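Below you'll find the structure, written out as structure tokens, and then a few comments.
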Amino acid sequence: MPPIKGKVKGSQGGSTLKVSKARGQRTSVVGAKDDESVTEAGEAHGEEWMQAKTLIKPEDQLELSEEELKEEFTRILTANNPHAPQNIVRYNFKEGCFKQTSHVDQLAIHFSLDGNMIHKDSDEARRQKAKYGATEGFLEKKWSAVASEQAISEAGGEGKEEGEGEGEKEEGEDGEKRDEDTTPAPGGSEAKLTNQFNFSERASQTYNNPYRERGSQTEPPPRANFSSTANQWEIYDAYMEDLEKQEKAKEKKAPTKKDDDKTRKKLTALETQSDDISRIGNASKIIERMVNQNTFDDVAQDFKYWEDVSDEYRDQEGTCLPLWKFTYDKAKRLAVTSLCTNPKYKDLFAVGHGSYDFMKQTRGMVLCYSMKNPSFPEFIYPTDSGVMCLDIHPEHPYLVAVGFYDGSVGVFNMTKQDTKPLYQSTAKTGKHTDPVWQVAWQKDDLDNNLNFFSVSSDGRVTSWTLVKNELTYTDVIQLKLDDVPQEGPEGTQLTPLGCGTCFDFHKQTDYLFLVGTEEGKIHKCSKAYSSQFLDTFDAHHMAVYSVQWNYFHPKIFISCSADWSVKIWDHTYKKGPMFTFDLGSSVGDVAWAPYSATVFAAVTADGKVHVFDLNINKYEPICEQAVVQKKKTKLCHIAFNPSHPIILVGDDRGYVTSLKLSPNLRKYPKDKKGNPLNQGPEFEIGKMDKLLALVREPPSTTEKN
């Protein structure tokens, strides 16, 4: 049978492998240049095993011709690392883009070991010889004996063929030499080795070789974090997203002139910057609040935990603790004209800034502060005209109705970044001709359109409805005076109108509302009657600054005026006010407490806050405290926080101060055991009725008959 030759392609070099098979012959597979060179196996290398081995031709072996078998394939080995990446990119700061790097590190380290051996002729070796002289001589002899043993074992393997006798003789001679080298003579000059370790047995002392694996045993670095980063496709996706943003920005405004191209490029760059800033806007606000919380940590602790212990020793009086002071640099010279707390977000409140000096009217501002960040307002809306009043919608807390000094009204949307009002009235759409003194949101109309009311010095109480993109108005009532109509030019009759300064809608009855005028009168009006008043109270001698219904009792309302007085009224009792308090200065604002029917607070022009509780004292305030530092500063407005024992006070210099009420100013009724009673509206109404029964005049005998 002719021999079968096969040519196997190698991965490295050009060596060829030949396989030959003959009957009765032992062959092996080797690589050689000559096709017929065959190396026979020796008889001493497992002849029986080689005879048992038979080479079988595979069924799928490729049949090659002689020319194909003699064909040589050349493979070139290079030093390049096949696993090294060829497409590494680095960011070029000079050109501002990613560029591919030409230099790639081809070095691949498969094994690295830090040894502790030093050269015997080095300085370190000499120092060790000088330090361990005696030990070194002993170790050198010991290592020479080990080396001689290795040489003997190698020589013994080669000398077996010559004879065993000679090997035994040589081993005997070598053994004698080793004994002479390793065992010192008893009378020799070598120093006796001392025991360097405190071992009980000398036989246990051995030379410990240093661990060679100590320096190389390290934990592999984590690689999971880098599995999906710095890939070419991710860089490509990032570039494509940026390109899409730029294309969208260009599509918004089509280029009309060549000169506008540069400006548009600048705009797109600014838009991309704003996008980057908006991404971290929420995080930056959180960090800002954290920094402010650390800065005002003592104030935050007082807000949460402080209670005036001295209230236990004074039953009829309380105090107000100043907490945060809210201010904005651009609103320092503008007076606080309105305060309104947010009904949904209890820490948020809106502040209107304008000017009460009618000879110096410039600009206005609407600011929204949060008690979590007293250093800077959350929202800022500058206005061309001074802001005189504002109100936040009870169901949509992002809508703010604003009244301006020029007679217009507007609605701001705090969810949008636009600083201009979403709706605003103009001369064509029926704006007021005098300053708007108060606005108030009402329930949606029958068509589910949002609407609010406004009162102005021009004598109109107007209803504004938000329809699509415009404001539509309806005059609810005109504040006509009771005087006789005056004669105008050409015999015309002119009816004088009163100047409305404030109003408030009933908490339970939707159609009922009160209007305070500059003449000192309070009109009880209805939305259903636009021609006449339901009733009129000759309340004050000067302008009425504020009027407000009680939160609990449906018949009680309170009013304050520039004539230094605060009066509490029953709208069904026509003989006069129930209570009258003289505060000694012009009263800027008054407000009922949301937690009690008998507690209210007022601010005066002399910079003081007055807190009353009629259930405790019907004649004097239980707290009278100066808030401002300068004597000329006037307090303008006050507002209670709906959930926290906090009152907000605004002055004519643009500052808003928050005060915490002491326990005596927010007493809750308790039973005989000291447990708090159920605080329902019925209990508050009964508490007020008891006070009203004490001050009402008893009916006369004629009325009884």
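The shown structure was predicted, so the numbers you read here are calculated from the model rather than taken from an experiment. In what follows, every heavy atom counts, from backbone to side chain, and hydrogens, waters and symmetry copies are set aside.
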For side-chain contact (heavy atoms from CB on, under 4.5 Å), just list the numbers for Y423 and E470, CA-CA rounded to whole Å, side-chain angles, deciding distance to a tenth of an Å, and then say yes or no. CA-CA 6 Å; Y423 300 90; E470 62 179 359; 5.7 Å; no

[X] side chain to [Y] side chain, donor-acceptor N/O pair below 3.5 angstrom:
X    : Y    : result
S375 : N373 : yes
D357 : S355 : no
N449 : T465 : no
K431 : Q424 : no
T633 : D651 : no
S456 : W437 : no
N641 : T341 : no

Do the side chain of [X] and the main chain of [Y] share a donor and acceptor less than 3.5 angstrom apart?
X    : Y    : result
D391 : W441 : yes
H393 : E395 : yes
T337 : G352 : yes
T509 : H506 : no
T501 : G516 : yes
Q232 : N87  : yes
D242 : A238 : no

Can you check side-chain contact (heavy atoms from CB on, under 4.5 Å) on L367 and H353, steps first, answer last? CA-CA 8 Å; L367 303 177; H353 288 277; 3.6 Å; yes

Just wondering, more than 12 heavy atoms not from [X] lying within 6.0 Å of its [atom1]?
X    : atom1 : result
Y91  : OH    : yes
Y236 : OH    : no
Q293 : CD    : no
K330 : NZ    : no
Y545 : OH    : no
D384 : CG    : no
K420 : NZ    : no
Y511 : OH    : no

pair [X]-[Y]: side-chain heavy atoms closer than 4.5 Å:
X    : Y    : answer
F453 : Q442 : yes
I392 : P343 : yes
V656 : V336 : yes
F404 : V387 : yes
P377 : C368 : no
Y356 : K634 : no
T383 : M365 : no
C320 : L661 : yes

Parallel under 30°, tilted from 30 to 60°, perpendicular over 60°: which one fits the rings of F326 and W324? tilted

Please verify the inter-ring angle class for Y405 with F358; under 30° counts as parallel, over 60° as perpendicular, anything in between as tilted. parallel

Using the rule given for side-chain contact (heavy atoms from CB on, under 4.5 Å), can you reason through L471 versus V409, listing the C-alpha separation, both sets of side-chain angles and the distance that settles it, and then say yes or no? CA-CA 9 Å; L471 281 175; V409 294; 4.2 Å; yes

Taking all non-hydrogen atoms of both residues into account, name the closest pair between [X] and [Y] and its distance.
X    : Y    : answer
S546 : D589 : OG-OD1, 3.2 Å
F412 : T419 : CE2-O, 3.4 Å
V609 : I638 : CG1-CD1, 4.3 Å
D418 : Y381 : O-CE2, 3.8 Å
K527 : F505 : CE-CE2, 3.5 Å
S658 : I646 : CB-CG2, 4.1 Å

Applying salt bridge (charged side-chain N to carboxylate O under 4.0 Å, His left out) to R460 and not counting sequence neighbours gives D458, D475

K443 meets the salt bridge (charged side-chain N to carboxylate O under 4.0 Å, His left out) criterion, sequence neighbours left out, with D510

Distance (rounded to the nearest 0.5 Å) between [X] [atom1] and [Y] [atom2]:
X    : Y    : atom1 : atom2 : value
S463 : D445 : OG    : CG    : 8.0 Å
N550 : F600 : CG    : CZ    : 10.5 Å
M414 : N342 : CE    : CG    : 5.5 Å
T78  : I76  : OG1   : CD1   : 8.5 Å
L323 : D298 : CG    : CG    : 10.0 Å
D434 : D406 : CG    : CG    : 11.0 Å

Residue pairs involving residues 633-660 (criterion ring-ring contact (aromatic ring centres under 6.0 Å, His included); sequence neighbours excluded): F303-H644

E95 bridged to K99 by N-O distance under 4.0 Å: yes

salt_bridge(R289, E378) N-O dist < 4.0 Å: yes

Given side-chain contact (heavy atoms from CB on, under 4.5 Å), test N451 with W464 step by step and report yes or no. CA-CA 5 Å; N451 70 95; W464 302 89; over 6 Å; no

For residues W592 and Y551, establish whether the separation of their ring centroids is below 6.0 Å. no

